[in-house]
Amino acid sequence: MVASRIRSIRAIVEERIAGDAGLDAGVARLVRAAFVGQLDAALADEAVESPFDAPPPQEAEPAGAHLANIAVTGFRGIGPRADLPLMPGPGLTLVVGRNGTGKSSFAEGLEMALTGRNSRWDDMSSAWMEGWRNLHHEGPVSVEARFAVDGVAGEALVSLRWPNADFDDPVREGLDTLGWEDAITSHRPLLSHSQLSKRLEGKPSDLFSAMAVGLGIEEISETRERLRQKRLQAERMRRDAGKAANALRSDLAALVDDRASRCANALERDPWDLEAIEGVLADATGGEGDQALAILHALATANAPASGTIEEVRAQLVKAHERMTAIASSDTARADRLLKMLTEALALHEHDGDQPCPVCGEGTIDAAWAGEARERQARLRREAREARAAQKARADALDAARQLCTATPDALGQAERVGIDASTAIHAWRDWTEAPDGEPDLPELAERLAERGAALQEAVANLRASARDELDRLQALWQPLRQQLAEWLPQGRETRRAMEKLPGIRTAENWVKAVEEDVRAERFRPVAEQTRRFWEMMRQSSSVSLKKIALVGTAKQQHLDIAVTVDGEGGAALGVMSQGELNTLSLSLFLARATLPESPFRFLVIDDPVQAMDPAKVDGLASVLEEVALERQVIVFTHDTRLRNTVRQLQIDAQIIEVTRSLNSHVTAQQVDGPVRRNLDDARAILRAEQVHESTKARVIPVFCRQSLEAACIEGIWQKRASGGIDHAQTEEDIREATMLTDKLGLLLFDEPGRGSDALDAVNQRFGKAAADAVTDCNRGAHGEALSTPPNTLINRTRTLTGKLRKMQ
Amino acid sequence: MTSSALAEARRLLEYPPTTDSGLWERAAVLLSRQALEASVERFWEQRSPDLQRANTRAQLLCLSEFMGGDTPVAGDATQLWNTLSRACHYDDDYLAPTAAEVAGWLERAERLCTIIDGR
């Protein structure tokens with residue numbers, strides 16, 4: 001029977017989530033998404049497709065089985081086909097034989113058929129591997145293992161055949177139909193001596209893996225691994241993008257450029273202010289806030305008054321001066337007065353006619369005089385107009401000159417801030433705007449305008465050039481950085497998004513890790529406890545005590561933690577143990593693992609466990625095997641006589657099969673001892689004991705005969721029922737409940753429990769009266785009644801009947 | 001009588017006359033086996049005197065039946081006797097027993113003898 005599969009991991013995780021009040025809802029969501037393999041969707045805030053609460057997929061349970069027969073042909077030490085028939089039920093079987101009898105070929109053949117490998121050969125040279133084919137055998141080579149499977153009628157076959165002489169491609173069949181492909185690794189039912197010694201000496205993580213496999217926590221380990229990968233990915237992004245950002249930042253900081261320093265500041269922030277960078281990149285001129293660039297732009301476009309304008313004003317000044325010079329000799333006030341007197345005198349002449357001159361009294365004012373006077377009047381008027389115009393022209397020219405001399409532009413004052421030397425231009429401009437002292441002298445002013453204007457223009461042109469150079473230089477530095485920033489931005493955005501998720505992923509990973517360790521420890525605990533128990537049974541006089549055995553850590557730190565004490569002193573490592581003790585510990589671990597209830601294998605095959613073991617530990621081993629054999633079919637191959645002796649000495653029920661090898665690799669496996677035979681031997685020993693009274697013999701001999709018959713019944717029942725489609729657990733229970741000999745006979749003969757009362761008749765019918773009398777005598781003697789036949793007859797009849805019962809099919 | 005053999009065995013274990021390794025342990029094993037055999041023989045005095053003279057294997061085989069089949073005492077006694085017998089003989093297969101092992105056997109012998117004597 002296969003124990004129902006342990007509780008689903010999903011249910012455990014869900015229960016842990018529900019029970020953890022401190023667990024953030026977002027983290028729980030990540031855990032669930034990682035569990036169903038949809039972490040990416042969850043991180044993108046998309047819906048997780050497969051709902052976590054859907055029922056977990058049902059796994060087909062592997063079939064439980066006992067081993068019924070191993071047939072080997074032409075393989076290793078075995079030539080013609082040799083069979084190792086086994087009782088397909090719980091119990092201890094020792095397969096004994098001297099070294100080289102082909103005994104191990106059965107075990108190795110079975111291992112190869114079940115696992116496709118042979119652990120003993122794994123470390124061997126290829127020369128060893130090539131020695132697989134038996135030298136005395138021609139024809140096909142095969143290993144066939146037959147199993148009695150729980151609830152399945154007929155035996156299941158797992159075979160290994162080499163269709164041709166090429167060792168490399170044997171055909172393995174039958175394992176998949178039994179559903180054992182995973183279980184053969186997780187609950188490996190085979191252990192050889194070479195594995196035993198290698199087991200604890202390997203890398204801690206390998207040992208861990210060997211012990212952790214099959215605990216059924218892969219789902220949670222995968223969940224943890226998905227989260228870990230996601231975390232590593234995010235951390236890698238952070239590292240890569242961060243490295244790029246740091247390089248950019250130091251390049252940017254080296255620039256005297258507001259754009260650059262703003263981007264550098266944005267990268268300084270945690271998290272990065274990517275929006276600020278985007279803003280800088282979006283504005284080609286550098287944006288409003290960029291003062292340095294504005295100053296540089298102002299300087300680059302600064303203008304002095306145009307030379308044409310200056311020339312015009314200069315010419316205007318010169319001309320105004322000439323006009324002023326032209327009118328400078330004339331007396332305009334006297335001209336006005338003269339004009340006024342002439343105008344009055346002409347009016348007098350017109351009114352009164354010719355007359356002596358009233359002013360001088362000597363001349364006459366007449367028509368001739370009036371003609372001259374009118375001409376003179378017109379000339380005077382012209383001169384007065386010209387004088388006024390000249391005055392105005394002068395004022396206009398001065399005004400124009402004043403207007404030309406504008407104040408120094410602000411940008412020049414700020415040039416120093418952006419690293420531009422504007423002092424020449426500033427001086428030139430100050431000279432330019434400087435007003436001359438006193439009454440302006442037009443020619444001097446004109447000269448000064450021309451001179452200083454030219455100087456100003458040259459200074460400003462130089463300033464513009466250096467500002468433009470600086471702008472070009474900045475642009476040349478900024479442009480590649482701008483490009484790099486633009487290229488980096490998507491990575492930066494993605495990284496920043498990942499960074500936002502990282503704390504959640506970390507928490508989820510740690511949470512899952514803790515659950516994983518808990519569940520693993522919990523599931524390993526039965527193995528650990530059983531290991532300790534087996535160790536205690538086997539350690540006997542060893543001073544080493546096993547205090548703790550646990551699977552700890554994850555990933556690279558994982559190991560099997562084994563704490564031992566020596567004579568009660570703690571802190572000791574495995575190094576204090578002898579090779580024999582290590583083997584014993586390894587065997588304890590193997591047995592504990594292989595006997596977990598969920599293992600489908602109801603059989604264990606151990607090849608040579610006794611090597612390097614102290615005699616006292618052999619006693620312990622025998623006791624452990626006896627205990628395990630109560631529920632499992634335990635098959636031990638050994639060439640060492642100690643285990644066999646110990647089993648006999650400790651009166652442990654065991655089938656002993658001896659393997660012998662004759663000429664040409666002809667190998668035979670034969671049962672030489674077992675409970676049936678041992679009880680008959682004991683009965684005979686009593687029979688032969690001379691001093692023992694007949695009445696005592698009649699009392700004791702039937703007891704051993706009965707026990708022999710019961711053992712034969714149990715063998716027969718397993719032979720018949722194991723591959724008869726009956727659940728093996730049912731058979732175990734039926735045997736347990738068949739307490740009386742007749743109950744067991746009934747179970748064997750009628751194949752159903754509760755037929756004890758019909759058993760005697762059935763024995764009579766099938767095996768004759770002598771057999772039925774033997775059964776009756778076995779029961780009589782045990783109750784102190786007289787026997788129907790002498791004890792030696794009872795022994796012989798019992799022997800005959802056991803042979804028939806065991807072979808019932 | 002039994003107790004004297006067992007007491008002597010214990011004395012040899014706890015205060016070995018010399019430190020010769022193995023010798024005193026083996027002596028203690030012999031004494032333990034004698035004590036066990038003596039206890040079983042005394043058991044037959046009352047129950048089935050014929051068995052007193054039978055070989056030890058026969059005596060032990062019958063012990064279970066006469067003690068009542070459900071007690072583990074007979075099986076334990078047989079196991080211990082087998083073990084002590086093996087330890088008495090030099091056997092290439094087996095190393096000499098350690099003092100701790102012999103002490104364990106002695107304790108079992110003391111316990112079993114007390115039980116058998118009490119029946």
Side-chain angles (χ1 to χ4, degrees), chain A residues 539-543 567 580 610 613-620 622-623 626 639-653 678-707 710 739 781-784, chain B residues 25 29 33 40-41 43-70 72-108:
Chain A
R539 69 179 262 216
Q540 299 281 333
S541 57
S542 167
S543 55
D567 292 327
V610 211
M613 229 183 227
D614 296 342
K617 291 204 185 59
V618 177
D619 288 1
S623 307
E626 181 186 24
H639 72 271
D640 194 310
T641 53
R642 292 183 300 167
L643 187 59
R644 183 181 177 179
N645 289 343
T646 303
V647 160
R648 192 166 50 213
Q649 173 200 325
L650 297 183
Q651 294 182 293
I652 292 169
D653 276 348
R678 210 190 63 217
N679 278 296
L680 284 171
D681 284 351
D682 288 347
R684 281 199 198 92
I686 302 288
L687 184 70
R688 283 193 305 267
E690 285 169 12
Q691 288 81 3
V692 179
H693 210 274
E694 286 308 312
S695 64
T696 308
K697 288 180 181 176
R699 178 174 170 182
V700 178
I701 287 172
V703 174
F704 289 105
C705 287
R706 194 191 68 218
Q707 285 171 7
E710 285 183 340
T739 48
H783 297 101
Chain B
E25 280 87 352
V29 167
R33 189 174 73 151
V40 173
E41 275 180 42
F43 177 81
W44 297 126
E45 245 174 340
Q46 306 293 320
R47 311 294 207 293
S48 187
D50 53 323
L51 279 164
Q52 270 185 308
R53 289 177 306 279
N55 61 49
T56 310
R57 184 179 175 202
Q59 290 189 36
L60 288 167
L61 284 171
C62 294
L63 195 58
S64 173
E65 170 63 16
F66 280 83
M67 287 193 99
D70 55 348
V73 174
D76 287 353
T78 308
Q79 272 189 16
L80 182 60
W81 188 79
N82 286 341
T83 303
L84 293 171
S85 298
R86 188 183 74 188
C88 287
H89 298 101
Y90 287 98
D91 188 335
D92 287 344
D93 280 357
Y94 297 95
L95 302 168
T98 64
E101 278 178 293
V102 176
W105 296 334
L106 179 57
E107 263 173 46
R108 280 171 71 190

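Letters go in sequence order (proteins before strands), and every chain restarts at 1.
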Residue by residue, which of residues 47-54 of chain B have a heavy atom closer than 4.5 Å to a heavy atom belonging to chain A?
B/Ser48, B/Asp50, B/Leu51, B/Arg53, B/Ala54

Under a 3.5 Å threshold, yes or no: a donor from one side chain and an acceptor from the other, between A/Arg642 and A/Asn645?
no

Gap separating the SG atom of B/Cys62 from the CZ atom of B/Phe43, nearest 0.5 angstrom
10.5 Å

Which residues share a side chain to side chain donor-acceptor pair (under 3.5 Å) with A/Thr739, sequence neighbours left out
none

With sequence neighbours left out, write down each residue that passes ring pair (Phe, Tyr, Trp, His ring centres under 6.0 Å) with B/Trp44, or none if nothing qualifies.
B/Phe66

Which residues share a side chain to side chain donor-acceptor pair (under 3.5 Å) with B/Ser85, sequence neighbours left out
B/Arg33

Salt bridge or not for A/Asp681 and A/Arg678, using N-O below 4.0 Å?
no

